Enquirer: 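Here it is, the structure, as structure tokens.
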Protein chains: 2
Amino acid sequence: MYLNHINNLVFKEFLDILNSISPLSPESKRVLQKHLSFRTLSKGDYLLNHGETCRHIYFVNKGFLRIFYYKNGKNITEWFAREKNFCFSITSYFNKTPSDLIIESIEDSEVIFLSRKGLEELRKCNLEVANLIIEFLSHSLIASQKRMESIQFETAKKRYQNLLKEQPEIIHQVSLHNIATFLGITQETLSRIRAQI
Amino acid sequence: MYLNHINNLVFKEFLDILNSISPLSPESKRVLQKHLSFRTLSKGDYLLNHGETCRHIYFVNKGFLRIFYYKNGKNITEWFAREKNFCFSITSYFNKTPSDLIIESIEDSEVIFLSRKGLEELRKCNLEVANLIIEFLSHSLIASQKRMESIQFETAKKRYQNLLKEQPEIIHQVSLHNIATFLGITQETLSRIRAQI
DNA sequence: GAATTCCTTTGACAATTATCAAAAAAACAC
DNA sequence: GTGTTTTTTTGATAATTGTCAAAGGAATTC
């Protein structure tokens, strides 16, 4: 269900969030708004499917998303996107290739779409938009780096404890299996870790 | 040994490389050049030390660098930067915090420094520079993502084989220990993997 | 509320990798 | 070359995690 140009208040709030990431003039907000769209999702809906090319950066206005993919027939969680956070398939978005990742709504959600085409056009001529993208990418890079270090150098137990500390609510939102694959371990191993704590 | 504004030809070539990443007018090149510096390093020299804040993006004009850190007293390789590639400490650079990472020259090297201060100034007022940074960050993000997936979902043997395929020359440039920690395994495990192949 | 389905835990065992120690090989210095 | 140091390999053992199978719980449906 696409509802373009309808929920103006939602867009206004979103543009304010963008503005807090990197300052935007009213004019920049106006041109950016042209490239926004809005979608509501029911629990279980897919925002991006395997094989589709990722043509947007997604902002979770409400709800909760899971980004996952299939590896040897098993579904592996790559990331969770909480309310007021962004997500997208990095590789598909930049390389314009079919996505291996699937983005699933695990609660009823509201998502704002930022179109790649729009952003690519705007960043070429609008300095504020270009700087907004720089802020966005540098934060994404730091997050990616952090996750990499966690996977490479912490034990499964430590990673689980960190997750509990940083996102305690996650336990009630997603299955143990999803948390386990997100941590890079099997469901059984996570179950045993929990038994120890 | 810093040699600013001396090796003009080297800078010209470097600016051409930047231009090939994202187009730069002669004027943009001119202003960018003001924020470049140059340094030669002997084998074993440190480009960035633990506790120092990373104030530059480095470009390996010649030679070979290793980025590593200490974890429980052991030195762990995070990345290798080959000739004509960039490197920097992501966290230290963006957060302006002391670096955990150490960047070491493992061959006699020539490195071009792109100053963070200069880039931060320029990107605010120069659209071409802002777009250059966007290209740079998006490629960094893709690389970080790729490495993360490799660590999380491939066996040590597979990772070693991929490394051999992608950078066969690396075997002759760095010790087995450094390759092992880069792959996220111990030296002994890597030695045993090699014996199998 | 009984049946079905899905999620989580537990058990037994195998595979992978780490750790500690020592030997072998290679590189380096004199 | 000889001796010294560093790097790599090998051995024995332990720890961690994965795999396969089954049981126990919880949630859902009819």
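Order of the sequence lines fixes the chain letters, A, B, ..., with proteins taken first and strands second; residue numbering starts at 1 for each chain. These figures come from a predicted structure and were not determined experimentally.
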Enquirer: Can you check the A:H172 NE2 to D:dA26 P distance for me, whole Å?
Expert: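 Between P of D:dA26 and NE2 of A:H172: 15 Å.
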Enquirer: Is any side-chain nitrogen or oxygen of B:R194 closer than 4.0 Å to OP1 or OP2 of D:dT9?
Expert: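 Affirmative; the distance criterion is met.
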Enquirer: Checking all strands, does A:R192 fall into the base, sugar-phosphate, or nothing category for heavy-atom contacts under 4.0 angstrom?
Expert: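 If one applies the 4.0 Å heavy-atom cut-off, A:R192 turns out to touch a base.
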Enquirer: Let me know the distance between CG of B:L176 and C1' of C:dA24, rounded to the nearest Å.
Expert: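 Rounded to whole Å, this separation is 15 Å.
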Enquirer: Could you tell me whether A:S175 contacts a base, only the sugar-phosphate backbone, or nothing, with contacts defined as non-hydrogen atoms closer than 4.0 Å?
Expert: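 Sugar-phosphate contact only - A:S175 comes under 4.0 Å of backbone atoms but never of a base.
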Enquirer: In whole Å, what is the span from the CD atom of B:E188 to the C1' atom of C:dA23?
Expert: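 That distance rounds to 13 Å.
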Enquirer: Base, sugar-phosphate or nothing for B:K74? Non-hydrogen atoms, less than 4.0 Å.
Expert: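 Answer is sugar-phosphate: B:K74 comes under 4.0 Å of backbone atoms only.
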Enquirer: Where the side chain of B:T189 is defined as all heavy atoms beyond and including C-beta, which of C:dT17, D:dT9, C:dT19 is the nearest nucleotide?
Expert: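 Nearest nucleotide to the side chain: C:dT17.
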Enquirer: In whole angstroms, how far is the C1' atom of D:dT19 from the CD atom of A:Q187?
Expert: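 For the pair A:Q187 CD and D:dT19 C1', the rounded distance is 13 Å.
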Enquirer: Between A:I179 (CD1) and C:dC7 (C1'), how many Å, whole number?
Expert: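 The answer, rounded to whole Å, is 12 Å.
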Enquirer: Could you tell me whether A:K29 and A:D16 make a salt bridge, using a distance below 4.0 angstrom between a side-chain N and a carboxylate O?
Expert: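 Looking at A:K29 and A:D16, the cut-off is met.
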Enquirer: Figure out the NZ/P separation between B:K157 and C:dT17, and round it to whole Å.
Expert: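 It works out to 10 Å between those atoms.
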Enquirer: Are the ring centres of B:F136 and B:F88 closer than 6.0 Å?
Expert: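 They qualify: ring centres under 6.0 Å apart.
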Enquirer: What is the distance, to the nearest angstrom, from the NE2 atom on A:H177 to the P atom on C:dT9?
Expert: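 After rounding, the gap between these two atoms is 14 Å.
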Enquirer: Answer with base, sugar-phosphate or nothing: what part of the nucleic acid does B:S191 contact at a heavy-atom distance below 4.0 Å?
Expert: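 Base: the residue B:S191, judged by heavy atoms under 4.0 Å, touches a nucleobase.
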Enquirer: Start with the C-alpha gap between B:N8 and B:Q33, add the side-chain angles, then the distance that decides, and say whether side chain to side chain donor-acceptor pair (under 3.5 Å) holds.
Expert: CA-CA 9 Å; B:N8 255 304; B:Q33 182 159 351; 2.8 Å; yes
Enquirer: Specify the separation, in whole Å, of atom NZ of B:K43 and atom P of D:dT6.
Expert: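 For the pair B:K43 NZ and D:dT6 P, the rounded distance is 14 Å.
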Enquirer: Tell me whether the OP1 or OP2 atom of D:dG18 has a side-chain N or O from A:T186 closer than 4.0 Å.
Expert: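 Yes, because at least one side-chain N or O of A:T186 sits under 4.0 Å from OP1 or OP2 of D:dG18.
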Enquirer: Does this structure show an ion pair linking A:E78 with A:R147, if we count only N-O contacts that are shorter than 4.0 Å?
Expert: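 So A:E78 does not pair with A:R147 through a salt bridge.
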Enquirer: May I ask you to say whether A:E27 pairs ionically with A:R30, meaning some side-chain N is under 4.0 Å from a carboxylate O?
Expert: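 Looking at A:R30 together with A:E27, the answer is yes, because their closest N to O distance falls below 4.0 Å.
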